[in-house]
Amino acid sequence: MASSSSSGLTFKLHPLVMVNISDHYTRVKSQMNPPVTSTSCSNTNGNGNGAPAPPPRVYGCVIGVQRGRTVEIFNSFELLYDSATDSLDRAFLLKKQELYKKVFPNFYVLGWYSTGSDAEESDMHIHKALMDINESPVYVLLNPAINHAQKDLPVTIYESEMHVIDGIPQLIFVNSSYTIETVEAERISVDHVAHLKPSDGGSAATQLAAHLTSIHSAIKMLNSRIRVLHHYLVAMQKGEIPYENSLLRQVSSLLRRLPAIESEKFQDDFLMEYSDTLLITYLAMFTNCSSTMNELVEKFNTAYDRHSRRGGRTAFI
Amino acid sequence: MDIEQKQAEMIDHFMKQASSLKGSAITPLVLEATSNPSLFAFSEILAVPSVTELEGTENATLLDTLRLFAHGTWSDYKGNMARLPQLVPDQILKLKQLTVLTLAESNKVLPYDQLMQELDVTNVRELEDFLINECMYSGIVRGKLDQLRRCFEVQFAAGRDLRPGQLGNMLHTLSDWLTTSDNLLVSIQEKIKWADTMSEADKKHQKDVEDRVEEVKKTLSLKVS
């Protein structure tokens, strides 16, 4: 059903929208399947909580700004789906739209979203129903199935186009490409979630471990890419792949940038900073030790030194 | 990268022309290719069959010129000026640019003296003008000029055409890079494990101390009571 879009619109998607949609879906899903308790294990009826119910589809509206040929989707809100009439709750939508207009006067309803693995025929009804608010709404589809092998985001944006199929002009969904656009606040929050830093500050060891883990994953990615290049060049040398000069030139210019930093001045500065850090750690440890010793001596005095006081002798320290 | 993209169209254009012409008709083509201000890659043109056929014929000098531009430097030209045809100023400029690229291959820090010698430039001002105008503005080189220490630090240099032996070197460098990053990954993992075990041991130690304190407190309170 989906071919690639020819309308020439560029779509920009904000991460807030994706977080909203996935949050909506997760909430509905966890409300549908209450957590398994020990009493339910005795439920001998075949259809206990163990049988996975089909994942619910959630619906909502996306809002944003359209400037010329660029459509930027900023935010989204949820809508109720009425399966009896197979349409979205219109009154609620209008009320929500009014409320959002007061806070964000620039944002218009650009389309709607849903979850699922692929666009379906029934979605076209909802799409047509929304066409009176926006002549060409966009349909954002999030695939909630977790696929660890997949590298891209499971979000697709569909537009509707009029195509002639079997002699009848029909509206069908066509796939469009999009880019992710972030505001500074969004970038910080996404970064935070990605790293899952221990929020209480943790002990030094956990912070160190977290920092090292992030470096580790970055280097791992670099490593895999270099490996790909290496295999490619080996194959080229063996003759399995014809020489591609442009690529070889780029690789040679890349390799020329190694080693990235190597000069006497760098070594000097680096070693100086290294020894400074070691010195400060040593000093801090010393201070710690001497204060612990001091406490120990005071406790010793308090505990054992009662007799000498009568003699008028001054206590230790 | 951008230079390659800029060159890609021109390389295609010249290749098409070269494959349709033969013999001495290639002369003006070679001249045009080597004077073109944005073309730095000649190995594709060298690979076109009608160009390789020039070997050994009276137009072999054309092939040599092309090879000079693909792999050689300004000093090579000066050494062989007898055998190669006279170069027009555009070609001389391009050859000097390519010389800078070759020099950037071996060192990251190029002293002014070496550059002045290789490029036949007498004063520093002219050298810097050449580097800034011809090399950096055309995007083939990126770097910093250090006038106090009289050197040019290269951060990025576009690739020249590969000599046949260079592929082996590149593979060697790549595999070295791979082993280094592998080792680094292993050592980072060990460090992470070490940090975790140390914090575990520390917590355990704390707990042990507290337990002993509790015990002693209990025994004391028992003694008192």
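A note on names: the letters A, B, ... follow the listed sequences, proteins ahead of strands, and every chain is numbered from 1. Remember, it's a predicted structure, so these values are computed and weren't measured experimentally.
How far CE of A/M236 is from CG of B/L171: 10.0 Å, rounded to the nearest 0.5 Å. The OG atom of B/S181 lies 3.5 Å from the CG atom of A/N223; values are rounded to the nearest 0.5 Å. Interatomic distance, CH2 of B/W194 versus CG of A/L208, reported as 7.5 Å (0.5 Å rounding). For the atom pair NE2 of B/H172 and NE2 of A/H230, the computed distance is 11.0 Å after rounding to the nearest 0.5 Å. Distance check: B/F156 CZ to A/L254 CG gives 9.5 Å after rounding to the nearest 0.5 Å.
Enclosure of atom CE in B/M136 by more than 12 non-hydrogen atoms of other residues, nucleotides or ligands within 6.0 angstrom is indicated. Residue B/Q155 places its CD atom among more than 12 non-hydrogen atoms of other residues, nucleotides or ligands, all under 6.0 Å distant.
Using a 4.5 Å cut-off between heavy atoms, B/M170 contacts chain A through both its backbone and its side chain. Contacts of B/D182 with chain A are made by both backbone and side-chain atoms, with heavy-atom separations under 4.5 Å.
Chain A forms more heavy-atom pairs under 4.5 Å with one residue of B/L174, B/L185, B/D196, B/I188 than with any other, namely B/L185.
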